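Structure record follows, encoded as structure tokens.
As the structure is a computational prediction, the values presented were derived from the model and not from experiment.
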Amino acid sequence: MTDQDVSKRKVLAIVTNYGVEQDELFVPLDHLRGWGAQVDVAAVTTDEIETLVGDKDAGKTLRPDLALSDADPAGYDLLLVPGGTLNADTLRQQEPATRIVRAFTDSGRPVAAICHGPWVLVEAGAVAGKRLTSYASLQTDIRNAGGDWTDEEVVTDDAGGWRLITSRNPGDLDAFVREIDEAIAA
């Protein structure tokens, strides 16, 4: 992949303003921006995002680019859904977040979700017929929603006309980011 290829790509990351797992947001964000991709972070409000490390220790902060309700998913090539238990549990209750997920899946554009991030996909009705991974505690929710949960570092599934990239936790970020690279280079 060349810098020129990636510089034409736009990625939307969706989060809440508190509880995002720090590395699951910052590692892909910094990597993609370093390659020249435009990455916008949409949060529930435009107030500062407070990340956590391990769901308990204060992490870095970040000002979102826009609010979820103002995000137009049509302008993006890939959706990034970081985890963090508090983040994901709150995010799945946000109608704009589930609307954004459905816009990506309905149009056949890729979605990358890590750790607890797939919870919003469950809520959006987007995991039925898909093979995916997540933090282990989500496996029952994913199976009950019609997904095929597996315990692997990274899973990419193209069933249903759209690509889903999932990983289990921050320890899988290298593989997760590698699959995101492949998806946006396509």
Of V15, N169, D55, which meets side-chain contact (heavy atoms from CB on, under 4.5 Å) against E21? D55
Under 4.5 Å between any side-chain heavy atoms of P28 and H31, yes or no? no
Measure across G83 and C115 and return the closest heavy-atom pair with its distance rounded to 0.1 Å. CA-CB, 4.2 Å
Any idea which heavy atoms bring A113 and F176 closest together, and the distance? O-CE1, 3.6 Å
Is there a donor-acceptor pair closer than 3.5 Å between any side-chain N or O of T61 and the backbone N or O of E50? no
Could you tell me whether a side-chain N or O of D141 sits under 3.5 Å from a main-chain N or O of V122, the two making a donor and an acceptor? no
If you define the side chain from C-beta out and look only at heavy atoms, does anything of T156 sit under 4.5 Å from R163? yes
Ignoring hydrogens and geometry, is there a side-chain-to-backbone donor-acceptor pair from Q139 to T150 under 3.5 Å? no
Is there a donor-acceptor pair closer than 3.5 Å between any side-chain N or O of R92 and the backbone N or O of E123? no
Donor-acceptor under 3.5 Å (T16 side chain, L91 main chain): no
Just by modelled atom types, is the P170 backbone N or O under 3.5 Å from a matching donor or acceptor in the D23 side chain? no
Is it the case that the side chain of E179 and the backbone of A175 share a donor-acceptor pair, with hydrogens and angles ignored and the cut-off at 3.5 Å? no
Whether the side chain of E153 engages the backbone of D172 through a donor-acceptor N/O pair (distance < 3.5 Å, no angle test) should be reported. no
Exceeds 12 heavy-atom contacts within 6.0 angstrom, atom CG of D30: yes
Do V41 and Y18 share a hydrophobic cluster, counting only Ile, Leu, Val, Met, Phe, Trp and Tyr and linking them when any side-chain heavy atoms are less than 4.5 Å apart? no
Under the 3.5 angstrom rule, does the side chain of R109 hit a backbone N or O of W162 as a donor-acceptor pair? no
I need the L25 CG to I49 CD1 distance, nearest 0.5 Å. 6.5 Å
Taking all atoms of both residues into account, what is the closest heavy-atom pair of A42 and L12, and its distance? CB-CD1, 3.9 Å
Where is the tightest heavy-atom contact between A67 and V44, given as atom of each residue plus distance? CB-O, 3.9 Å
Close side-chain approach of V154 and R178, heavy atoms under 4.5 Å: yes
Is there a path from L62 to L80 through hydrophobic residues (I, L, V, M, F, W, Y) whose side chains come within less than 4.5 Å of each other? yes
Test side chain to side chain contact (heavy atoms under 4.5 Å, CB included) on L79 and I14; report intermediate values, then the result. CA-CA 8 Å; L79 178 63; I14 59 172; 3.9 Å; yes
For V101 and V120 the tightest heavy-atom approach is CG2-CG1, 4.0 Å
In terms of hydrophobic clusters joined by side-chain contacts under 4.5 Å, are I165 and W149 together? no
Strictly below 4.0 Å, N to O, side chains only: are D65 and K10 in salt-bridge contact? no
Same cluster for L164 and I142 if Ile/Leu/Val/Met/Phe/Trp/Tyr side chains link at under 4.5 Å? yes
I'd like to know whether R33 forms a side chain to side chain contact (heavy atoms under 4.5 Å, CB included) with L29, so could you lay out the CA-CA distance, the side-chain angles of the two residues, the decisive distance to 0.1 Å, and finally the verdict. CA-CA 6 Å; R33 286 181 174 168; L29 180 72; 3.4 Å; yes
Could you tell me whether the side chain of T133 and the main chain of S167 form a donor-acceptor pair under 3.5 Å? no
Start with the C-alpha gap between I114 and L173, add the side-chain angles, then the distance that decides, and say whether side chain to side chain contact (heavy atoms under 4.5 Å, CB included) holds. CA-CA 8 Å; I114 186 168; L173 278 164; 3.7 Å; yes
Do L68 and V39 sit in one hydrophobic cluster, given that two such residues count as connected whenever their side-chain heavy atoms are within less than 4.5 Å of each other, even indirectly? no
Would K130 and D157 count as a salt bridge (charged side-chain N to carboxylate O under 4.0 Å, His left out) here? Give the steps. CA-CA 6 Å; K130 298 295 262 188; D157 187 312; 3.7 Å; yes
Taking every heavy atom of A159 against every heavy atom of G129, the minimum-distance pair comes out as CB-O, 3.8 Å
The test is side chain to side chain contact (heavy atoms under 4.5 Å, CB included); show your working for L32 and D181 and say whether it passes. CA-CA 8 Å; L32 290 165; D181 284 351; 4.1 Å; yes
Does anything in residues 75-119 form a ring pair (Phe, Tyr, Trp, His ring centres under 6.0 Å)? List the pairs, not counting sequence neighbours. H116-W119, H116-Y135
